[in-house]
Number of protein chains: 2
Amino acid sequence: MKNFSILQTFGSNIRSLRRAQNMSQEDLADRSGLDRSYLGSVERGERNISLINILKIANALGISAKELFNDV
Amino acid sequence: MKNFSILQTFGSNIRSLRRAQNMSQEDLADRSGLDRSYLGSVERGERNISLINILKIANALGISAKELFNDV
DNA sequence: TTGTGACTATTAGTCCGTA
DNA sequence: CTACGGACTAATAGTCACA
């Protein structure tokens, strides 16, 4: 997978923002409407996630999508 | 297509940032390594672009990816 | 609670054109 | 310069059982 480190950074951002709210992957999955294992792979930087799903996650975290782009 | 207005806003951001630099779609296509007609459809909000390509576009525009998320 | 591999349906993205 | 279309291939979305 190309740009793996960028995807990893992005995924790490999701993970830390999720944990900052004491949410499990399953919690976030429920709120975003995405599959838990899919979210896990996004957090690990294994998926090249698309715009709509980025926005679903930001929404579920109650933040702006911009915050997911810290350091990427 | 779901979330059409969000994709449109995102595409508009790309378009105005591109025009602010007096670049054509073809210029941006060359710099980003993406297809010209594909970029056009992204700007029109017709495509659910993936993360790596979002970053390619931000790079080609010389900006942070965050700037593409104004108002989305 | 999370990681992982496997899988199919759907979409992303390319390349060729036209106006 | 840009919109738009057709046809095509590569890649992602989305799900599951099991580790």
Side-chain angles (χ1 to χ4, degrees), chain A residues 1-63 65-70 72, chain B residues 1-63 65-70 72:
Chain A
M1 172 87 73
K2 290 171 190 168
N3 292 292
F4 191 72
S5 62
I6 285 175
L7 297 180
Q8 275 187 321
T9 302
F10 187 83
S12 287
N13 287 348
I14 293 176
R15 177 161 292 184
S16 53
L17 289 163
R18 170 178 63 79
R19 287 182 171 161
Q21 303 190 31
N22 292 311
M23 293 174 57
S24 66
Q25 287 181 352
E26 195 159 7
D27 292 331
L28 183 55
D30 290 341
R31 296 197 198 189
S32 63
L34 298 172
D35 189 75
R36 175 192 62 74
S37 69
Y38 176 70
L39 271 175
S41 61
V42 169
E43 290 189 351
R44 271 174 266 126
E46 295 170 1
R47 300 276 190 149
N48 180 20
I49 189 174
S50 67
L51 178 53
I52 287 178
N53 284 349
I54 290 172
L55 298 173
K56 283 183 184 172
I57 291 173
N59 255 330
L61 289 171
I63 63 178
K66 285 189 182 188
E67 299 188 46
L68 297 174
F69 284 87
N70 288 328
V72 319
Chain B
M1 169 87 75
K2 291 171 190 167
N3 293 292
F4 190 68
S5 62
I6 285 175
L7 296 181
Q8 274 187 321
T9 303
F10 186 83
S12 287
N13 287 348
I14 293 175
R15 177 163 293 184
S16 54
L17 289 162
R18 171 177 63 76
R19 287 183 171 160
Q21 302 191 30
N22 293 309
M23 292 174 59
S24 66
Q25 287 181 351
E26 193 159 9
D27 291 333
L28 184 55
D30 289 341
R31 295 197 199 189
S32 63
L34 298 172
D35 188 73
R36 170 189 57 77
S37 69
Y38 177 68
L39 269 175
S41 62
V42 169
E43 289 189 352
R44 273 174 264 130
E46 296 170 1
R47 297 286 189 142
N48 181 22
I49 189 174
S50 67
L51 178 52
I52 286 179
N53 284 346
I54 290 173
L55 299 173
K56 282 183 185 172
I57 291 174
N59 254 329
L61 289 170
I63 62 177
K66 286 189 181 188
E67 299 187 47
L68 297 175
F69 284 87
N70 289 328
V72 319

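Side chains are part of it too, since the values below use all heavy atoms of this structure and drop only hydrogens, waters and symmetry mates. Protein chains get the first letters and strands the later ones, always in sequence-line order, with residue 1 at the start of each.
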Check the interface with nucleotides 13-19 of chain C: list each N/O to N/O pair with the protein under 3.5 Å, or write none.
| unit_1 | atom_1 | unit_2 | atom_2 | d |
| --- | --- | --- | --- | --- |
| C:dG13 | OP1 | B:S50 | OG | 2.5 |
| C:dG13 | OP1 | B:N53 | ND2 | 2.7 |
| C:dG13 | OP2 | B:Y38 | OH | 2.1 |
| C:dG13 | OP2 | B:S50 | N | 3.3 |
| C:dG13 | OP2 | B:N53 | ND2 | 3.4 |
| C:dG13 | O5' | B:Y38 | OH | 3.4 |
| C:dG13 | O5' | B:N53 | ND2 | 3.1 |
| C:dG13 | N7 | B:R47 | NH1 | 2.7 |
| C:dT14 | OP2 | B:D35 | N | 3.0 |
| C:dC15 | N4 | B:S37 | OG | 3.2 |
| C:dG17 | O6 | B:R36 | NH2 | 3.1 |

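- Here the side chains of B:I54 and A:I54 are in contact, with some heavy-atom distance below 4.5 Å.
- Judged by distance alone, with hydrogens and angles left aside, the side-chain atoms of B:N13 form a donor-acceptor pair with the main-chain N or O of B:N70 at under 3.5 Å.
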### Task
Given side chain to side chain contact (heavy atoms under 4.5 Å, CB included), test A:L51 with B:L7 step by step and report yes or no.
CA-CA 8 Å; A:L51 178 53; B:L7 296 181; 3.4 Å; yes
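- If you measure from atom CG of A:L39 to atom C1' of D:dT12, you get 15 Å, rounded to the nearest angstrom.
- Looking at residues two or more places apart in sequence or on another chain, you find a ring pair (Phe, Tyr, Trp, His ring centres under 6.0 Å) between B:F69 and A:F69, B:F10.
- Residue-level contact check: A:R15 touches the backbone only, with heavy atoms under 4.0 Å from sugar-phosphate atoms and none from bases.
- In this structure, CG of A:L28 is placed 13 Å from P of C:dG3, rounded to the nearest angstrom.
- Look at CZ on B:R44: it is 16 Å from P on D:dC1, rounded to the nearest Å.
- For A:L28 against A:R18, the heavy-atom pair with the smallest separation is CD2-CD, 3.8 Å.
- Exactly one residue among B:T9, B:L61, B:L55 makes a side chain to side chain contact (heavy atoms under 4.5 Å, CB included) with B:L68. That residue is B:L61.
- Annotation: side chain of A:I57 is in contact with side chain of A:I49 (closest heavy-atom distance under 4.5 Å).
- One can place CG of A:D30 at 12 Å from P of D:dT15, the figure rounded to the nearest angstrom.
- In this model, the phosphate group of C:dT2 is approached by a side-chain N or O of A:R18 to a distance below 4.0 Å at OP1 or OP2.
- Side-chain contact between B:R31 and B:K56 is absent, with no heavy atoms from C-beta onward closer than 4.5 Å.
- Minimum interatomic distance between A:Q25 and A:R15 (heavy atoms only, all atoms of both residues): NE2-NH2, 3.4 Å.
- Note on the helix from C:dT2-D:dA19 to C:dA19-D:dT2: terminal axis deviation equals 50°, with five pairs used at each end and the result rounded to 10°.
- A:E43 places its CD atom 12 Å from the C1' atom of C:dG3, with the value rounded to the nearest Å.
- With rounding to whole Å, A:E46 atom CD is found 14 Å from D:dT12 atom C1'.
- Note: CD1 (A:I52) to C1' (C:dT11) measures 11 Å, nearest angstrom.
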